[in-house]
Every structure is written in C-alpha cells, then in structure tokens.
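What follows is one structure encoded as structure tokens, with my remarks underneath.
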Amino acid sequence: MTKKTFPMDRVMEHMMQNMEQWQAKWPKAEKVLTSELETGIATTPCDVVYEEDRVKLKHYRPLAEPQYKTPLFIVYALINRETMLDLQPDRSVVQNLLQNGIDLYMLDWGYPSRKDRFLTIDDHVNGYIDNALDVILEREGLSRLNLMGVCMGGSFCSMYASLHPHKVKNLILTVTPTNFDTDQGLLHTWWGNTNFHVDRLVNFQGNISGDLLNLNFLLMNPPRLMIDKYMGFLQNMDDKNFVENFMRMEKWIFDSPDVPGETFRQFIKDCYHENRLIQNKMELAGRKVDLKKITMPVLNIYGLFDHLVPPAACEKISKAVGSKDTEDVPLKTGHIGIYVSSKSQKEFVPKICQWLKDRDTPEPKSTQKTTRKTPARKTAKAGQKKTTVKKGTEKNRSGQTGATE
Amino acid sequence: MDNQHEQEQSQPENFVSAWIKSSFDFWQIWAKNVAGVPQSEEKGSQGTAQKSTSGSYAAFLEMSRSLKAALIESGVLNSCLTDMGKHPEISMKFAQLFFDQVFKQLQESMAGFQGSGPFSADKNDEDLFASLRQTYAQGLEKMFNLPQLGMTRAYQERMNEALDRFNQLCVAAARFVSLLNGPVERSWIELHNTVARMSEGEDGYPDSPEEYYKLWIKLMEGDYMKLFKAEEFVDAFHQVVNQYSDFQGAQQKVLADALQFLPVANKEELDEVAKENYFLKKEVKKLAKRVKELEKSSAA
C-alpha cells in the first residue's frame, strides 16, 4: 500500500476559505452582538403566592383551559436555578405543561445568604416544601397534590413523599439521584469518596459557593465546556437566534446560588458517602425516611447519557418504593438536555401529561375552605394586568432587579 | 601567635566586649567632668539643679558599671552571642535540606533525560510534586511550626499557620493543574500519531481543518475521561479541596486578628449570630404552626 502525503495545500486552501467566511460573517456578527438581544429567561407570567425567608412559591397563569383536576407542584434542586425549566419560549417545560392545561406551581429557592448556612435538609423538606405545599392545598381546597422533583429536588421530594404520603397524589421524579453507590458518574467518583472532607469545606466556607460548584461541573468535560462550546459560538455569532439562545443558556449556567452549608454537608455525608436514602437509613430531624411508605404512583424519568446523575443513580428507586404503580422512563439524552433539547421536548412533557391524565381521578376536597382569591381559570393574557411578579422584577443574585428580563 | 590574637579579636563576643568597654569609658570620663564643675560657679536654683543633675549622672555611672560587670565579666554576653549564632544554623539546615532535595530531583531528571534511568514526563512530574511535598514537610513546614514565644506568640502562630497552609495549597494546586494539563499535551501527541496513521488508511487525510480540530477535541475528551476516573486525579482533587479549606480556615483566623482592632464583627461572630437566629426562627416557626393548628381545631 502506498503512503499518502499530507494534503497541506488543500488544508491551507480550506483554512483560507474559512478565513474569508469569517471575514464575511464578522460585520453581521457585529450587528447582532451590538443589537438589542432578547435573552430574558423565565418570562412566563406568574404570581408569587407565598414567601418564606428567601423562598418563593410561584403560581403560573394558565395558557390553556384546565385539563387536570389536581395541580402540579415542581421542586427544583438547590444547585442552579429553576429558570432552566422556562429557558426560552419555544423550549420551555413550564409553557408546555401550561399549554397542556396543567395548573402549575413551582418553588423558587432564591439565593441563600450567610444566615442560611445552618439550614438542613429537614428545614428544606419538612419546612419550606411542606409549608408551600400546605399553602397550595389551602388555596385549592384539596388534600393531595401532584409532586414533581428535579435532580436534588427529586431527592427532596422522595423524602417528602415518604414522610407525608397523605399529601402526595402522584410523584414524578426527573433525573433524581437516590442510589449513590455507583461509580458511573464523575460526581459519585469525586464526592462519594470519604477523602473528600466535606466537614472541612463547610466549616471554613459556610455556604458552598455556587462558583466553586460551577468550576466543579466545568471540570467534568473541559474540552467541550470550555473550548468547543465557545468555538460553536464563534462560528454562529452572526445568527441572532443562536446568540440569544446561547446567552440564555450561559445566563442560566452561571446563575448559581450558593448551597446552604449544612444541607450540603448532610447531602454529601448521608447520600454520597453512606448511601442512606435508598437503604431507608436516612433520618430528617430524627424521623426515618422509609421509601416503602411511598405508596402513591411514581413516574421516574432519567437520561441515559446523563453524566451528572447516571442511570445507575436513578433506576433503583422504582423497586425501593412501596408503590405498585411505578414506571421508569429512560430518555436518550443528558442531564440538562432532558429539559431543553428540542427532541426531549417532544417526549418529556407529553409523557408527564399522559401519565398524570391516566391517574387524574377526582380528588376528595379538603374540609378547609378554598382561599384562592383569583381562580386560575383565566389565561395568562387575561390576567396580565394583575401580575404581582412582572417582567423585569425578577431579582438577580445581587438583589438588583430586571437584569435578566 | 599574631594569628591567634587576630582570630580572638575577630570573634563577635570579643568585638562587642571591646565596644561596650570603650563606650563605658567614654561615659565615665564625661560624667566625671560634669560632676567636677566647681561649686563657686553655681548660683541660686540653677546650682541646685546642677547638683541634682550631677547626682543623676553619678547614679547612672554606677548603674552602668554594674551592668558592664554583669555583662562582660560574668561571661553572660559571651554566652548570649554564642547562642545567637545558633539560629542561623537552623535556617542553614533547612536551606540545606531544601537544596539537597532539589539537586536530588534534578539529578534524577537528568538521569531520565540521558537514558540512564527510566524517563516519563508524567512520572517525573508526579515525582517532582512528591519530592516538593517531602522537601516542604522536612524543611519549611517545621520552621513554620517552631514554637513562638512572648505576648504576640498566638498571633505569630496563626500567621505562620496561614503561610504554611498557603504553601501546602500551592503544592496541591500545582500538582492538580499539572495533571489537568496532561491530556492537553498528550492529545497533541496522539493527534500527530493519528494523522500519521491516516496516511496508511483507505480514507486518507481529511481536507478540512475542522476535521482535525474535531479529532483533537475528541482525543482530549477521551483522555480527560480516563484521567478523571484515575485514583491519582481523585486524590489530587481531594488534596486541593482539603488544602483550600484548611487555608481558608487559617486565613480567617489571621483576618479575625486584624479585625479585632476595627469595630467590625469577624466571621466566627457573625456565624454565631446566624446560628442563634436560625434556632430562634425555627422555634418561632414551630410555635406559629402549632398555634395555627390549635386555632383550626378550635374553629372546627
């Protein structure tokens, strides 16, 4: 076989062509970058119906006629923000759920400050989540709700459903880690090792800095997340739509609240180091979290290519719970792609809607009176005048308003 | 004989003794002159003042004589100066240890380069950091942990601890960054080898530079994935996080020392307030919930 010679001339020719293309692109890119970009995230109209410390309960205005008898309450993780579920209008889990006629509530954890460093998992699960859920039940005059957890929020929801099964009608877990005894994901390799001295970190840091966590996540794939991603941006920066979406994602990724120190310590020690949750050994304020007490239907959705919460961390919960109505839905996507990729949008929300529809039996009304003042039976357009949280009032990390809108 | 005399003179204790003796002699003569001023020239209150001044000088002279006797004649000064010479010896010992290790490392590296020893860039890097750690532990770390004395002992100890922690963090961070840099270097070599193999393949070389870029990213990604699961990297990761935590703790102590002179609360004090606030709030919330439940049940 004859050896081929390196086609230096052709490669150089391509390079020159690329340079010319870039030169041609640049004026347009300059125009795009200096124009007014629509990069607002979490723009779906909502009302804050309850506030406790830094935590807010958001109620979204319906975008279609209600199709379900029971509202859905979403609990996001403490790492990064819930705005990921409403990142851009055409790829918004929130909007898709609303368009399917679901009455939607979501918890916004806010930005923990120094005073929050002593908050434990118990304070989040039996405090904030329970209080917010009680508010919804009271507003709707119901005795049970549909509960959906995202990532660490899903772990919190499984703990909640175990401790308060009478308040949860259906439980949906999405990319939720419950089994931490695996070496599939890098987080499990790095954080699951007892040489990772979380005590030292929390004692001296207090809250765990969002930037430190972000650095950790960037380290998981430096070539893609630190080089290739920005090369992609350079190649497409003359495309306004691409730039806007890129900026939205960039805003979300680096909008990382700190994690309360004691919560992080407990999560690492009880879950990553000792894998207590799946073994029914976890305790919150002295109360044992027994997954067998989760007797309501459980839908477990996870990504097959998830490098943060690998399938092995998600799969076991279905067999560990006491419910006989469980379903695992592995999707061919990653940790974030499950919520934002256009392919997943076609599978993820429809699956949740259908699954809830199949279990949407009439809910016995609570003996309490409904306290909801404005029934969410009008669409967002009609109710826009009475907005309590308007576009541009979303507070960013430093407490300034309107930065993201 | 002359040499011996010169040597004796060049000894620090002899030099200082001579200097003290000549100083005392000077002040002695000066004090005598002042005390010997004729009394007839003294007038009124000025004369009384002069008397008391000369008395003070005489007392000072007497005290100086005693001090001289105590310092020079009893041999205390000699002993002090001899002991003073010991401190630099300790520093020299630390420096010697440090340079011994550095030279040893250099020799090993050179042996590797010259082919008389096994050479591997990664292994050599790892050896270098291990050696650095060892050198630091044997030399500088001990120096930073020397017991401190006196009123400022605690402050000095905390400052030394912060410096020690910072150095340890630097060593851990250098090892971590070096490991992170590995896949970048290796991916270039691998890219070169892969491109060389393309000459024998059926498809030949791609024309587009983007293809080479994609290949490089893919090779680097694969290498990183291998590295991130390696025990060596996990250990370096833990080391850097742990050292960072320790440094932060030591730094906060030094900062607290500095802040005590300002009307500002330090971290520990603020944490205490936050903790009290947390428990109070928790108790209040619990009580409020209980009151609400009682109200509901009484209304029902």
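Order of the sequence lines fixes the chain letters, A, B, ..., with proteins taken first and strands second; residue numbering starts at 1 for each chain.
- The aromatic ring centres of F228(B) and W190(A) sit less than 6.0 Å apart.
- Between the CE atom in M159(A) and the CG atom in L284(A) there is a gap of 6.0 Å [rounded to 0.5 Å].
- With chain A as partner, the option from K282(B), M220(B), K267(B) having the largest number of non-hydrogen pairs under 4.5 angstrom is K267(B).
- Residue Q239(B) does not touch chain A at all, counting heavy-atom pairs closer than 4.5 Å.
- Atom CG of L259(B) and atom CD of E268(B) lie 12.0 Å apart (nearest 0.5 Å).
- With a threshold of 4.5 angstrom between heavy atoms, R117(A) approaches chain B through side-chain atoms but not through N, CA, C or O.
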**OP:** Take E138(A) and K292(B) through the test salt bridge (Lys or Arg N to Asp or Glu O under 4.0 Å) and record every step on the way to the result.
**Re:** CA-CA 13 Å; E138(A) 205 175 316; K292(B) 207 176 168 187; 3.8 Å; yes
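- Proximity to chain A is limited to the backbone of P206(B), based on heavy atoms less than 4.5 angstrom apart.
- The CG atom of L133(A) sits 6.5 Å away from atom NZ of K167(A), with the distance rounded to the nearest 0.5 Å.
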task: Run the numbers on R175(B) and E232(B) for salt bridge (Lys or Arg N to Asp or Glu O under 4.0 Å), then give the verdict.
output: CA-CA 10 Å; R175(B) 180 185 172 215; E232(B) 186 191 10; 5.2 Å; no
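- Only the side chain of K281(B) comes within contact range of chain A, with heavy atoms under 4.5 Å apart.
- Contacts between S113(A) and chain B at a heavy-atom distance below 4.5 Å are absent for every atom of the residue.
- Within the 4.5 angstrom heavy-atom criterion, no atom of V273(B) approaches chain A.
- Both the backbone and the side chain of D246(B) come within less than 4.5 Å of a heavy atom of chain A.
- Separating the CG atom in N195(A) from the NE2 atom in H238(B) is a distance of 6.0 Å, to the nearest 0.5 Å.
- Within the 4.5 angstrom heavy-atom criterion, only side-chain atoms of N216(A), from C-beta onward, approach chain B.
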Can N242(B) and S245(B) be said to form a side chain to side chain donor-acceptor pair (under 3.5 Å), step by step?
CA-CA 5 Å; N242(B) 295 341; S245(B) 307; 5.2 Å; no
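- Residue with the most contacts toward chain A among K229(B), K289(B), K285(B): K285(B) (heavy-atom pairs, distance under 4.5 Å).
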For this session: Just do the side chain to side chain contact (heavy atoms under 4.5 Å, CB included) check on R287(A) and V125(A) with the steps written out, would you?
Result: CA-CA 12 Å; R287(A) 293 171 70 188; V125(A) 173; over 6 Å; no
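- Heavy-atom pairs under 4.5 Å with chain A were tallied for V195(B), L270(B), N277(B); the largest tally goes to L270(B).
- Using a 4.5 Å cut-off between heavy atoms, E262(A) makes no contact with chain B at all.
- Only the side chain of Y212(B) comes within contact range of chain A, judged by heavy atoms closer than 4.5 Å.
- Options M15(A), M8(A), R114(A) differ in how many heavy-atom pairs under 4.5 Å they form with chain B, and the most are formed by R114(A).
- The parts of L201(A) that come within reach of chain B are both its backbone and its side chain, each placing non-hydrogen atoms under 4.5 angstrom from that chain.
- Proximity to chain A is absent for every atom of K286(B), based on heavy atoms less than 4.5 angstrom apart.
- Within the 4.5 angstrom heavy-atom criterion, no atom of Q17(A) approaches chain B.
- For a residue to count as touching a neighbouring chain, one of its non-hydrogen atoms must lie under 4.5 Å from one of that chain's; by this rule E221(B) touches chain A with backbone and side chain alike.
- Neither the backbone nor the side chain of D199(A) comes within less than 4.5 Å of any heavy atom of chain B.
- Per-residue heavy-atom pair counts under 4.5 Å with chain A were compared for K214(B), E210(B), M198(B), Q251(B), and the maximum is reached by E210(B).
- Taking the six-membered ring for Trp, F144(B) and F166(B) have ring centres at least 6.0 Å apart.
- In terms of heavy atoms, D183(A) sits closest to T189(A) at O-OG1, 3.9 Å.
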Practice item. Please report the C-alpha distance between D228(A) and Y213(B) in whole Å, then the side-chain angles of each, then the deciding distance to 0.1 Å, and finally whether the side chain to side chain donor-acceptor pair (under 3.5 Å) criterion is met. Key: CA-CA 9 Å; D228(A) 198 39; Y213(B) 163 76; 2.7 Å; yes
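- In this structure, the separation between CZ on R200(A) and CD on Q205(A) is 13.5 Å, given to the nearest 0.5 Å.
- Between chain B and the options E13(A), M12(A), E52(A), the largest number of non-hydrogen pairs under 4.5 Å is found for E52(A).
- Ranked by heavy-atom pairs under 4.5 Å with chain A, the list Q248(B), K275(B), K218(B), Q252(B) is led by K275(B).
- Of the residues considered (D9(A), V198(A), D53(A), V202(A)), D53(A) shows the highest number of contacts with chain B, using heavy-atom pairs under 4.5 Å.
- Only the backbone of N203(A) comes within less than 4.5 Å of a heavy atom of chain B; no side-chain atom from C-beta onward does.
- There is no contact between K253(B) and chain A, counting heavy-atom distances below 4.5 Å.
- Taking the six-membered ring for Trp and the full ring otherwise, F264(A) and W191(A) have centroids separated by under 6.0 Å.
- Note: F233(B) CZ to Y224(B) OH = 9.0 Å, rounded to the nearest 0.5 Å.
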